[in-house]
Amino acid sequence: MQINIPGDVLEIICRLEDKGFEAHVVGGCVRDTLLGDTPEDWDVTTSALPEDVKSIFDHTADTGIKHGTVTVVSQNTTCEVTTYRLDGEYRDGRHPEEVSFTRSLEEDLKRRDFTINAMAYSPKRGLTDLFGGRADLEKKVIRAVGDPEKRFGEDALRMMRAVRFSARLGFDIEDDTKDAIAKLSSNLGLVSNERIREELMKLLTSPNPGKLRDLYGLGLTGVFLPEFDVMMETPQNTPHHIYTVGEHTVRAVENIRPDPILRLTMLLHDVSKPKCRTTDASGRDHFKGHPVEGEKDSKNILRRLKFDNHTIKKVSRLVRFHDANPKAKKTSVRRLVAEAGRECYPWLFEIKKADISAQSMYHRKEKLSLLEVYEKYYHEIINDKDPLETGDLAISGRDLKQMGIKEGKMIGMILNDLLEMAIEDPSVNDGKKLRQIVKEEYL
Ligand code: CTP
C-alpha cells in the first residue's frame, strides 16, 4: 500500500527521518486518501520534540506549541507537525489538563477519537493501523478507539464528530460507540458553542444532513438546540402536512443544496411553529405568526451559537419571509421584493421549493406554479429597474430641500410616501411627475 504524499510534506518527513526521528502523515489525510478523496491538509506526527522541529526547519510558527504542534512553512504549503503525545486528564471534558510527549507512535494513535482517524503512514514503514481503521472504512463504520466512554469523556465534542463523520461519509455509528453517546450526551454541555457550531455546520452542509435525526435520537440536539427537539415532537394536523414539524424540517434541509445559509434557513424556518400552534374546533392545527416569531427566535438561537452577524441577519430575514405568499400580481410581488430586499428575495425561490416539497401533496402543483409566477415577475421587476427603495426614486432629499421642505423627518416621510406610490405604479417614478405630486400634496 502506497500513499502519494505531496512533495513539500514528503520533504518534511524525509528531513525529520534523516535527523534520526520517526515521522508519519496521520489522521484525516490518511483516512481521506484511503477513501480515494484528496485531503484538505496533511498533518505530520513525529517523535521529534517541538524544539527539534524548530531547529531543523528554517521557517516555522508556534501555532500550538502547548500541545506540541509547530507549523512548518514551506514554499507551497504549511504543515502542522505535532510531537507524539499522550493527553493528560480532561477534567473539563474539553481540553487535556496537560499533554506529555512520548516516543511511541502507538501511544499517540491510542488517544485519537475514531479508528478511521487513528491511522498513520510513512513511506519507510507503510501504513500503521493498530485498531482496524482500514477495515472500518470498508465496513463504513465509525467506531471509537478503545473504550468509547473514555474517548468521549476526554472530549465531549467527539460525540458530535461521530455523527458529523457519519453524515459526511454516509457511515453508520457502531453500536457500543452509539450507546456511549446516548449515555454521555449531556456532557456536550461542557463544550463551547463555537466548537459545537463548527461541527453542526459540517454536518448540515454534508451530503447526509438527515443525520440530524441521529443528533436528536442520541440526545445531542437536546443540549445545544432544544428547540429542535420540540419541533420533532410537534404534530401538524393540517392537510398541508404529513410529518411533525421536526421531520418536515429535516426533509426541507435535505431538499436544498448544501449552502450554509440555505441549510441553516431550512433548519430554522419553522422553529417557532410549536409555540404558535393552535388547534381549532375541527381539530385542525394553525401556526399563525410563526414567521415573525421565527425571525426573532432564529436570531436568538444563532446568537447563542455564536454565528457571525452576516449569517444571523440573512438567515433570520429569510425565516421571516419564507412563508410570504403575495397575490399573483406584479404589484404584490414588487411590494414584497421591496420589503424583503432585492438581494434577499431570490433566495426565497429555492427556500420555498424545498419547503413545499417537504409538505403533503395537497395543492403542491398550484403552490409550485405560483412560485414560477413570482420568479417571472421578480426578473421583470429587476430588469425594468422598478423602484424598490427611496434611493431608486427620481427625486432626492436634496431636491425636496430645494423645493422648500426643510425638516429632515418630513423629507423622510415624503420620500417613503412617494416610494409607496412608485411601487404601486412605477410609471410615477419620473422627476417631473414626482415634483408635481410634492407641490400638490405637501407644499
Ligand atoms: N482528533 C481527535 N479528537 C478530536 C479532534 C481530533 O482524536 N476531538 C484527532 C483525529 O485523529 C483527527 C485528527 O486529530 O483525525 C485531526 O483532527 P481534525 O483536523 O479536527 O479532523 P480531521 O480528521 O482532519 O477531519 P476534518 O478535516 O474533516 O475535520
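Remember, it's 1-based here, ligands and their atoms both numbered in the order they're listed. Given the structure is predicted, the values throughout are model-derived calculations rather than measurements.
Note: H363 and H240 have perpendicular aromatic rings, judged against thresholds of 30 and 60 degrees for the angle between ring planes.
Side chain of H290 to main chain of F287: a donor-acceptor pair is present (N/O by atom type, distance under 3.5 Å, no hydrogens or angles).
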List the atom pairs, with distances to 0.1 Å, where a side-chain N or O of residues 37-47 and a protein N or O form a donor-acceptor pair under 3.5 Å, not counting sequence neighbours.
{"unit_1": "T46", "atom_1": "OG1", "unit_2": "E22", "atom_2": "O", "d": "2.7"}
{"unit_1": "T46", "atom_1": "OG1", "unit_2": "A48", "atom_2": "N", "d": "3.0"}
{"unit_1": "S47", "atom_1": "OG", "unit_2": "E22", "atom_2": "N", "d": "2.8"}

For a distance cut-off of 3.5 Å, show me each N or O of ligand 1 paired with any protein N or O, plus the separation.
{"unit_1": "ligand 1", "atom_1": "3 (N)", "unit_2": "R158", "atom_2": "NE", "d": "2.9"}
{"unit_1": "ligand 1", "atom_1": "3 (N)", "unit_2": "R158", "atom_2": "NH2", "d": "3.2"}
{"unit_1": "ligand 1", "atom_1": "7 (O)", "unit_2": "D113", "atom_2": "N", "d": "2.8"}
{"unit_1": "ligand 1", "atom_1": "7 (O)", "unit_2": "R158", "atom_2": "NH2", "d": "3.1"}
{"unit_1": "ligand 1", "atom_1": "8 (N)", "unit_2": "D155", "atom_2": "OD2", "d": "2.9"}
{"unit_1": "ligand 1", "atom_1": "11 (O)", "unit_2": "R112", "atom_2": "NH1", "d": "3.1"}
{"unit_1": "ligand 1", "atom_1": "11 (O)", "unit_2": "N117", "atom_2": "O", "d": "2.9"}
{"unit_1": "ligand 1", "atom_1": "15 (O)", "unit_2": "G28", "atom_2": "N", "d": "3.3"}
{"unit_1": "ligand 1", "atom_1": "20 (O)", "unit_2": "R161", "atom_2": "NH1", "d": "3.0"}
{"unit_1": "ligand 1", "atom_1": "23 (O)", "unit_2": "R31", "atom_2": "NH1", "d": "2.8"}
{"unit_1": "ligand 1", "atom_1": "25 (O)", "unit_2": "R31", "atom_2": "NH2", "d": "3.3"}
{"unit_1": "ligand 1", "atom_1": "28 (O)", "unit_2": "R164", "atom_2": "NH1", "d": "2.9"}
{"unit_1": "ligand 1", "atom_1": "28 (O)", "unit_2": "R168", "atom_2": "NH1", "d": "2.8"}
{"unit_1": "ligand 1", "atom_1": "29 (O)", "unit_2": "R164", "atom_2": "NH2", "d": "3.2"}
{"unit_1": "ligand 1", "atom_1": "29 (O)", "unit_2": "K202", "atom_2": "NZ", "d": "3.3"}

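At a threshold of 4.0 Å, the pair E295-R317 does not count as salt-bridged, since none of the basic side-chain nitrogens sits closer than that to a carboxylate oxygen.
In this structure, the side chain to side chain contact (heavy atoms under 4.5 Å, CB included) partners of Y243, at least two apart in sequence or on a different chain, are E247, H248, R251. For L10, the side chain to side chain contact (heavy atoms under 4.5 Å, CB included) partners at least two apart in sequence or on another chain are I5, C14, P123.
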